[in-house]
Amino acid sequence: MASPEKAPHNPHIYSTERTALKIGGTALLLLTFQSLGIIYSDIGTSPLYVLNGIWPSSGPAPSKEDVIGGVSAIVWSLTLVPLLKYIIIVLQFGTGEGEGGTFALYQGLFPPDVRNDDDDRSLTCDSAFMRAHSTRSSSEKLAPIKWPLLAWTLFGTALSIADGILTPAVSVTSAVGGIAIAKPNVTNSIVPISIAFLIVLFGAQRFGVHRLGLTFAPITLIWLLLLGGTGIYNITRYPGIFRAFDPSRLVMFFVRTKKYDYLAGILLAVTGCEAVFAK
């Protein structure tokens, strides 16, 4: 009697272990384009209010040296936080399943016990033993700081949730306030108009992030192209702005003015950069 043919073993059919998504080609290009509407539409709109946060339009015009110092502070904030912190450091932490955020980093240090059905079917369970032993050994070294790190993780998550609530409200209100400058008769209706915009934006969340990304990506692309074109035009007219890449201009700006509260306005330049890792 012929023995039945044994079906080929495919670990991806029975395994409950999730892995990070790996794509390329056209799919990667589409996701990159979608990210314009989700991630870079946030940090890319910061110039709308960051300069006004440093030098309000109702105040006196800053000197040329102050402008160079303030722009230097913005440039180095963008260099240290989104580029150095997130792109070069944080994104290098493998979270196993491709997630981002504070809890993903926490689980990278203290991985949960995940049961894999393949281990039950193996004869020796050597792979399961090695993974468990490696996880326990690394977690045991960090055991004294596990609970403080968990509290810090919860605090970071709370900040992300607060940012997700406050950022749309502040951004939309600032945008409608800009309309009021051109149309003074809108001044008394800023809050109702802002609420109407927010209801529409939050109501559209039900259609999924991928659809919202494709909707806002072309708008963000046009905005970034116009922003870049305006920047190139002004740089050709005022090439001295390249002195802002000198970090000493940043230091001298605060030494000269003694106005450290400008940092509140400068930090507006990096609002939204956490979306690079949190999404």
Side-chain angles (χ1 to χ4, degrees), residues 35-37 39-90 159 163 166-187 190 194 216 219-276:
S35 69
L36 287 176
I39 298 175
Y40 297 100
S41 60
D42 192 347
I43 193 172
T45 54
S46 296
L48 286 172
Y49 43 79
V50 60
L51 290 177
N52 189 63
I54 304 175
W55 301 294
S57 57
S58 58
S63 64
K64 289 184 178 180
E65 287 299 318
D66 285 350
V67 170
I68 293 174
V71 172
S72 179
I74 295 172
V75 167
W76 284 102
S77 296
L78 291 172
T79 301
L80 293 175
V81 180
L83 180 61
L84 182 62
K85 176 184 175 182
Y86 283 100
I87 302 299
I88 297 179
I89 298 178
V90 175
L159 291 179
D163 178 73
L166 294 176
T167 297
V170 174
S171 299
V172 172
T173 306
S174 300
V176 177
I179 298 175
I181 296 177
K183 300 285 185 179
N185 57 337
V186 182
T187 302
I190 291 179
S194 301
F216 287 100
I219 301 173
T220 306
L221 178 61
I222 295 173
W223 160 251
L224 292 177
L225 290 175
L226 291 174
L227 193 68
T230 304
I232 293 173
Y233 171 76
N234 284 283
I235 287 173
T236 56
R237 293 190 62 189
Y238 306 100
I241 196 64
F242 278 112
R243 290 184 293 168
F245 285 97
D246 181 1
S248 65
R249 301 287 176 174
L250 159 63
V251 176
M252 293 305 300
F253 172 67
F254 287 106
V255 170
R256 183 176 61 257
T257 62
K258 305 294 184 183
K259 295 182 178 180
Y260 299 101
D261 55 336
Y262 282 167
L263 285 170
I266 293 168
L267 286 177
L268 293 174
V270 296
T271 55
C273 67
E274 72 284 347
V276 174

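Since we're looking at a predicted model, the values are computed, not measured.
Looking at residues two or more places apart in sequence or on another chain, you find a side chain to side chain contact (heavy atoms under 4.5 Å, CB included) between Val75 and Val71, Thr79, Phe245. By the side chain to side chain contact (heavy atoms under 4.5 Å, CB included) test, Leu221 pairs with Phe33, Leu36, Leu225, sequence neighbours left out. Taking the ring-ring contact (aromatic ring centres under 6.0 Å, His included) definition, one finds that Phe216 meets it with nothing, sequence neighbours left out. The side chain to side chain contact (heavy atoms under 4.5 Å, CB included) test applied to Arg243 returns Glu65, Ile68, Arg249, not counting sequence neighbours. In terms of the ring-ring contact (aromatic ring centres under 6.0 Å, His included) criterion, residue partners of Tyr260 (sequence neighbours excluded) are, by chain and number, Phe254. Partners of Thr187 by side-chain hydrogen bond (donor to acceptor under 3.5 Å, both in side chains), not counting sequence neighbours: none found.
Between Phe253 and Trp55, the two ring planes are perpendicular [angle over 60°; tilted spans 30° to 60°].
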Would Leu83 and Leu78 count as a side chain to side chain contact (heavy atoms under 4.5 Å, CB included) if you check the C-alpha gap in whole Å, the side-chain angles of each, and the deciding distance to 0.1 Å? CA-CA 7 Å; Leu83 180 61; Leu78 291 172; over 6 Å; no
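Residues Leu250 and Ala73 approach most closely at CD1-CB, 3.3 Å, considering heavy atoms. Between Ser72 and Ala244 the shortest heavy-atom distance is OG-O, 2.8 Å. Scanning both residues, Thr173 and Ser194, for their nearest heavy atoms gives CA-OG, 3.5 Å. Closest approach of Ile266 and Ser77 over heavy atoms only: CG2-OG, 3.3 Å. Of all non-hydrogen atoms in Tyr262 and Ile54, the two that sit nearest each other are CE2-O, 3.4 Å.
By the 4.5 Å heavy-atom criterion applied to side chains, Leu267 and Val81 are not counted as neighbours.
In this structure, Ile219 CD1 and Leu224 CG are separated by 12.0 Å, a value rounded to the nearest 0.5 Å.
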